[in-house]
Number of protein chains: 2
Amino acid sequence: MARKPAEQTVHPDAILHAAATVFCRQGYHGATMADIAAEVNLTAGSLYHHFPSKQELLLAVLDAGLGQMISAVQAVVEGDAVPPEKLRQIVQLHVQSEIDNVNIAAAVIFESRALLEMPGVRDQYVRQRDALEALYRRVIEDGIACGDFRALDVGIFVKTMFGALNWVSVWYRPAGRMSGAEIAEEIARTFLASLRPGAGMP
Amino acid sequence: MARKPAEQTVHPDAILHAAATVFCRQGYHGATMADIAAEVNLTAGSLYHHFPSKQELLLAVLDAGLGQMISAVQAVVEGDAVPPEKLRQIVQLHVQSEIDNVNIAAAVIFESRALLEMPGVRDQYVRQRDALEALYRRVIEDGIACGDFRALDVGIFVKTMFGALNWVSVWYRPAGRMSGAEIAEEIARTFLASLRPGAGMP
DNA sequence: TAATTAATCAAACCTTCATTTAATTATATG
DNA sequence: CATATAATTAAATGAAGGTTTGATTAATTA
């Protein structure tokens, strides 16, 4: 009996990466299976040997992107830097992952809300998104507790940050005047300035 | 000769509103002409008496949303309040208009990407979007010039604000613990704190 | 080499729309 | 009332694209 896989294989990871690229570039509905397949020199039909449907492909991409993001942020949050430094680092992570195509979550959510309405699917996504939000929240709360940050409404502040950071994927262009790291640095500066003790009152 | 329109007419505004609702709920690609028509008790084909295509319908929705927003913001910017007060007011306007007209606002935000892929149409949208951004930019620049705000990268700051403000329509729920005005006030506070002279350096 | 199986492809399939077309209905004007 | 016109519809058209299907190719192992 013979069994091992042929080595002409395109690795599932390569397909995931291709799908992320195309979803990010064209949105979920705008991306065709043929587009994704072309990115790895396959035909549309061949993709079905690796993923059962376009929808599953999107889920896998979202899952991978958010999952990686969460663990990266988690590492920072559980580290022993001081809160302002942690905040700076996770802003860098967030922006960088958007730019690298890894976190297409933010980009894709702009076009896939209908898809995410599907109950079984939405839950996992929301759970992950909330987990990420909770990590951000913790950094802010720690900073307030130790006096590094002024007291403020943490819920609103975190959502404000999320909006600002997710929006980067809408306007960022590789050919722009600033690198991702520079953009992240500037955004981090904005929020750190805002968090300064005493900055809240006129 | 007879001429006047029959009064069984569905007003174009009603169609616009319906389109905004459906675009918001299902996204541009996910919205069918039949869905939109059903919202005003018509059939898909009937819509073509009022709008030449689905694409034009989206454009009209975006145009209405952005246009209203621009004129409101313009009034504030051209007023004679001091820059921090102007900023506070346009944040209020932005958030309030999202909340008052969630559907159009969300359509503007989420479907802008679909629109940007339509060559003939792209230009007008980009022009309006840039006009709105320019108004924000002007307030910041004025504030820096007169010493009310610290010096910073105005382009990034404005995009950061836009992201934060647009994101409100993603998470805002009427039943939430805060009113739109309270949310806007908190967000304005965040950015005003960030703009304080001297807040930038550690 | 022969058997087995993974990976792939080309073509067909089928559904879902946007849009068109050719009537049909309703209304205002004369 | 007569009729031109607006508004609408039901049905047809045609393209796009996700998914299936039935070979074909290549690699692995015995």
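Note that the structure is predicted; figures quoted are calculated from it, not measured. Keep in mind that the numbers below use all heavy atoms, side chains included, and drop hydrogens, waters and symmetry copies.
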Chemist: Quick one: do the Asp35(B) and Thr32(B) side chains pair a donor with an acceptor below 3.5 Å?
Modeler: yes
Chemist: Counting only side-chain heavy atoms from C-beta out, which of dT8(C), dA10(C), dA10(D) sits nearest to Thr43(B)?
Modeler: dA10(D)
Chemist: Check the orientation of Tyr136(B) and His94(B). Use parallel for under 30°, tilted for 30 to 60°, and perpendicular for over 60°.
Modeler: perpendicular
Chemist: Could you list all the salt bridge (Lys or Arg N to Asp or Glu O under 4.0 Å) pairs where at least one residue sits in residues 42-70 of chain A, not counting sequence neighbours?
Modeler: none
Chemist: What is the distance from CD1 of Ile36(B) to C1' of dC17(C), rounded to the nearest Å?
Modeler: 12 Å
Chemist: Is it true that Lys86(B) and Glu78(B) have a side-chain N and a carboxylate O under 4.0 angstrom from each other?
Modeler: no
Chemist: Could you check how far CG of Leu47(B) sits from P of dA6(D), rounded to whole Å?
Modeler: 18 Å
Chemist: Tell me, with the steps shown, if Arg177(B) and Glu182(B) meet side chain to side chain contact (heavy atoms under 4.5 Å, CB included).
Modeler: CA-CA 10 Å; Arg177(B) 70 185 159 94; Glu182(B) 289 169 331; over 6 Å; no
Chemist: Applying the Watson-Crick and G-U wobble criteria at under 3.5 Å, what pairs with dG18(D)? Answer none if nothing qualifies.
Modeler: dC13(C)
Chemist: Report which part of the nucleic acid Asp35(A) touches: base, sugar-phosphate, or nothing (heavy-atom distance under 4.0 Å, all strands).
Modeler: nothing
Chemist: Can you give me the N/O atom pairs linking the protein to nucleotides 11-18 of chain D at distances under 3.5 Å, or say none if there are none?
Modeler:
unit_1, atom_1, unit_2, atom_2, d
dG18(D), OP1, Ala31(A), O, 3.3
dG18(D), OP1, Lys54(A), NZ, 3.0
dG18(D), OP2, Met33(A), N, 2.7

Chemist: Can you tell me the distance, in whole Å, between the NE2 atom of His50(B) and the P atom of dT19(C)?
Modeler: 15 Å
Chemist: Rounded off to whole Å, could you give me the CG-to-C1' distance for the Leu42(B) and dT9(D) pair?
Modeler: 10 Å
Chemist: Report the distance from atom NE2 of His49(A) to atom P of dG22(D), rounded to the nearest whole Å.
Modeler: 13 Å
Chemist: Quick test of your reading of the model: are Arg138(B) and Glu133(B) salt-bridged, counting only N-O distances below 4.0 Å?
Modeler: no
Chemist: Between Arg88(B) and Glu85(B), is the closest basic N to carboxylate O distance under 4.0 Å?
Modeler: yes
Chemist: Grab the CG-P distance between Asn41(A) and dT25(D) for me, whole Å please.
Modeler: 19 Å
Chemist: Could you give the CD-to-C1' distance, from Gln55(B) to dC17(C), as a whole number of Å?
Modeler: 15 Å
Chemist: Rounded to the nearest Å, what distance is computed from the CZ atom of residue Phe51(A) to the P atom of nucleotide dT19(D)?
Modeler: 13 Å
